[in-house]
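Worksheet: one structure, shown below.
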Protein chains: 2
Amino acid sequence: MQTPIPDIVVSRLPVYFQTLQTMQAEGQHTTSSKELGEKLGISAAQIRKDLSQFGEFGKQGTGYIISFLIDQLKTILNMDHSWDVAVIGAGNLGKAIAHYHGFAPQGFNIKLVFDTSPDLIGTNIGDLNILDIDELIPCIKKAGVKIAMLTVPDAAAQAVADELVKAGIEGILNYTSTPLNLPPRVVHLRHSDPVSQLQHMTYYIGKSK
Amino acid sequence: MQTPIPDIVVSRLPVYFQTLQTMQAEGQHTTSSKELGEKLGISAAQIRKDLSQFGEFGKQGTGYIISFLIDQLKTILNMDHSWDVAVIGAGNLGKAIAHYHGFAPQGFNIKLVFDTSPDLIGTNIGDLNILDIDELIPCIKKAGVKIAMLTVPDAAAQAVADELVKAGIEGILNYTSTPLNLPPRVVHLRHSDPVSQLQHMTYYIGKSK
DNA sequence: TTGTGTGAATTCCTTCACAGCG
DNA sequence: CGCTGTGAAGGAATTCACACAA
């Protein structure tokens, strides 16, 4: 860890990790950089380079033992324990996230849900009680939650994000279309606005017409 | 368009586009690469380089006229007309997307929603009728929809994606964690799995502890 | 043999720095 | 002046190609 690992390498690890888990679930025991690469549309050399940043996980002539590589990636990604997550905004998207059953098996537990609307506060989503966003800071501090998913209306995004920082949140997955301005050493941000992603595609789709 | 524009440049355009729209909504008329860059945490030179790939949109000494630049980006991103979108999978996430009111104002109209479940087929989400996924190909062909958002369970993702290709879909926004294997010249793919994005963050959050 | 890990080569991306225009 | 657009420089990321281990 002398030279920090490039972020672009880190961004590929979850993809490797999930693909390996699928392979394992299908009963496979070993794989190679070539096979993984073909599945993912990535060159074999790149996969080897990426993994070699963290250690020597493969065996020459054989490839990688899937269960071992999964364990290594689990440690690298800090997924060897589960994480509590707060959902901020119980609109359509926030509700969907809170209901979604795909997080828990992957080690992410939705622990807190917040909203501003008096109609929603106090009501339940599954077994989660929707909390008043005014209580955001004490609730998050008390629960020790480090990760938030932000699904509030655009206009509120920056203000709520500032609150999250004060509450000690360390990672924000931003589903709004507002680019957040936050202290970069304190919070890790990821922007995941669906409209941007659709527009990225329409650029290419229009071209091919 | 002699040399194709790098994808990494294209990926930044929607962010510029949306930020400019926000500035415009706030009554601002001009901006500079410096100001935009500071808002987005991107260097001014990069913004100028990116935009210069498509033409000369600025005025020396003045900067950019926001309304003009928005129009240019609208054309570049093919957002000068609206797009119809199909949502495949009416589970929690699919329902949320279908209900979400942020797409239409940005030119994306949810036109079709599909699911497999007999309990859902025929019921309504807002004014949209949930269709049988067995009817996917004819319905999409008939409606001429080019973009799909994929929110089916992981296990079904590849098979449904293959159907989408047969139906003539040209862009898939993939919310499953399955990396899709599709003919690259035919379909434009974007992977947006929330679990991967959370794992990308946990890498860094763990480190700083 | 097969397939890893890795220096070297290459390609790609970003930043620099400045000419030139309004 | 102030700020764009852009060659040139510098830095990163990817691919190549091969030594070497199982």
Side-chain angles (χ1 to χ4, degrees), chain A residues 1-16 19-20 23 28-73 76 184 200 203-204, chain B residues 1-16 19-20 23 28-73 76 179 184 200 203:
Chain A
M1 257 270 270
Q2 302 80 329
T3 22
I5 311 286
D7 182 66
I8 196 160
V9 173
V10 178
S11 75
R12 284 188 290 259
L13 300 182
V15 183
Y16 302 162
T19 307
L20 289 163
M23 288 174 161
Q28 210 174 329
H29 285 96
T30 64
T31 186
S32 65
S33 58
K34 180 156 176 281
E35 186 191 31
L36 240 188
E38 279 166 4
K39 263 207 172 89
L40 297 173
I42 290 177
S43 81
Q46 176 151 102
I47 290 174
R48 294 203 300 278
K49 258 267 150 80
D50 285 352
L51 295 176
S52 74
Q53 302 260 12
F54 300 93
E56 308 198 353
F57 303 139
K59 301 243 185 291
Q60 278 123 329
T62 315
Y64 301 90
I65 294 168
I66 291 178
S67 62
F68 176 73
L69 191 49
I70 287 176
D71 278 353
Q72 295 299 315
L73 286 169
I76 293 166
H200 186 164
Y203 171 85
Y204 292 105
Chain B
M1 258 272 271
Q2 300 81 329
T3 21
I5 311 286
D7 182 66
I8 195 159
V9 172
V10 178
S11 74
R12 283 188 291 260
L13 300 181
V15 183
Y16 301 163
T19 307
L20 289 163
M23 288 175 161
Q28 209 175 328
H29 285 97
T30 64
T31 186
S32 65
S33 57
K34 182 157 174 282
E35 186 190 32
L36 240 189
E38 278 165 7
K39 264 209 170 87
L40 298 173
I42 289 178
S43 81
Q46 176 150 96
I47 290 174
R48 293 203 301 278
K49 256 270 149 80
D50 285 352
L51 295 175
S52 74
Q53 302 260 10
F54 301 95
E56 309 198 353
F57 303 139
K59 301 243 184 291
Q60 278 121 329
T62 315
Y64 301 90
I65 293 168
I66 291 178
S67 62
F68 176 73
L69 192 47
I70 287 177
D71 279 354
Q72 295 298 314
L73 285 169
I76 292 166
H200 186 164
Y203 171 84

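Numbers restart at 1 for each chain; the letters A, B, ... are given by sequence-line order, proteins then strands.
Regarding contacts with the backbone of C/dG5, a side-chain N or O of A/Tyr64 is found under 4.0 angstrom from either OP1 or OP2. Distances shorter than 4.0 Å separate some side-chain N or O of A/Arg12 from OP1 or OP2 on D/dT14.
In this structure, A/Ile76 and B/Tyr203 approach most closely via the heavy-atom pair O-CD1, 3.3 Å. A/Ser33 and A/Ile47 get closest at one heavy-atom pair: O-CD1, 3.8 Å.
In this structure, B/Glu35 atom CD and D/dT4 atom P are separated by 10 Å, rounded to whole Å. Spacing between atom CD of B/Glu38 and atom P of D/dC3 amounts to 11 Å, rounded to whole angstrom units. If you take OH of B/Tyr16 and P of D/dT4, they are 13 Å apart, rounded to a whole angstrom. The distance from atom CD1 of B/Ile5 to atom P of C/dC12 is 14 Å, rounded to the nearest whole Å. What separates NZ of B/Lys34 from P of D/dC1 is a distance of 16 Å, to the nearest Å. Distance, A/Ile8 CD1 to D/dG11 P: 19 Å, rounded to whole Å.
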Output a table of donor-acceptor pairs, distance under 3.5 Å, between side-chain atoms of residues 6-13 of chain B and any protein atom two or more places apart or on a different chain; print 'none' if there are none.
residue, atom, partner, partner atom, Å
B/Asp7, OD1, A/His200, NE2, 2.8
B/Asp7, OD1, A/Tyr204, OH, 2.6
B/Ser11, OG, B/Ile8, O, 2.7
B/Arg12, NE, B/Asp50, OD2, 2.7
B/Arg12, NH1, B/Gln46, OE1, 3.3
B/Arg12, NH2, B/Asp50, OD1, 3.1
B/Arg12, NH2, B/Asp50, OD2, 3.3

Enumerate donor-acceptor pairs with a distance under 3.5 Å from any side-chain N or O in residues 56-73 of chain B to protein atoms, sequence neighbours excluded.
none

Checking A/Gln53 against A/Lys49 for the side-chain contact (heavy atoms from CB on, under 4.5 Å) test, could you report, in this order, the C-alpha distance in whole Å, the side-chain angles of both residues, the deciding distance, and whether it holds? CA-CA 7 Å; A/Gln53 302 260 12; A/Lys49 258 267 150 80; 5.5 Å; no

Taking it one step at a time, do A/Thr31 and A/Gln28 satisfy side-chain contact (heavy atoms from CB on, under 4.5 Å)? CA-CA 8 Å; A/Thr31 186; A/Gln28 210 174 329; 4.2 Å; yes

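Of the residues in residues 40-62 of chain A, those lying under 4.0 Å from DNA chain C by heavy-atom distance are A/Arg48, A/Lys49, A/Ser52, A/Glu56, A/Phe57, A/Gly58, A/Lys59, A/Gln60, A/Gly61, A/Thr62.
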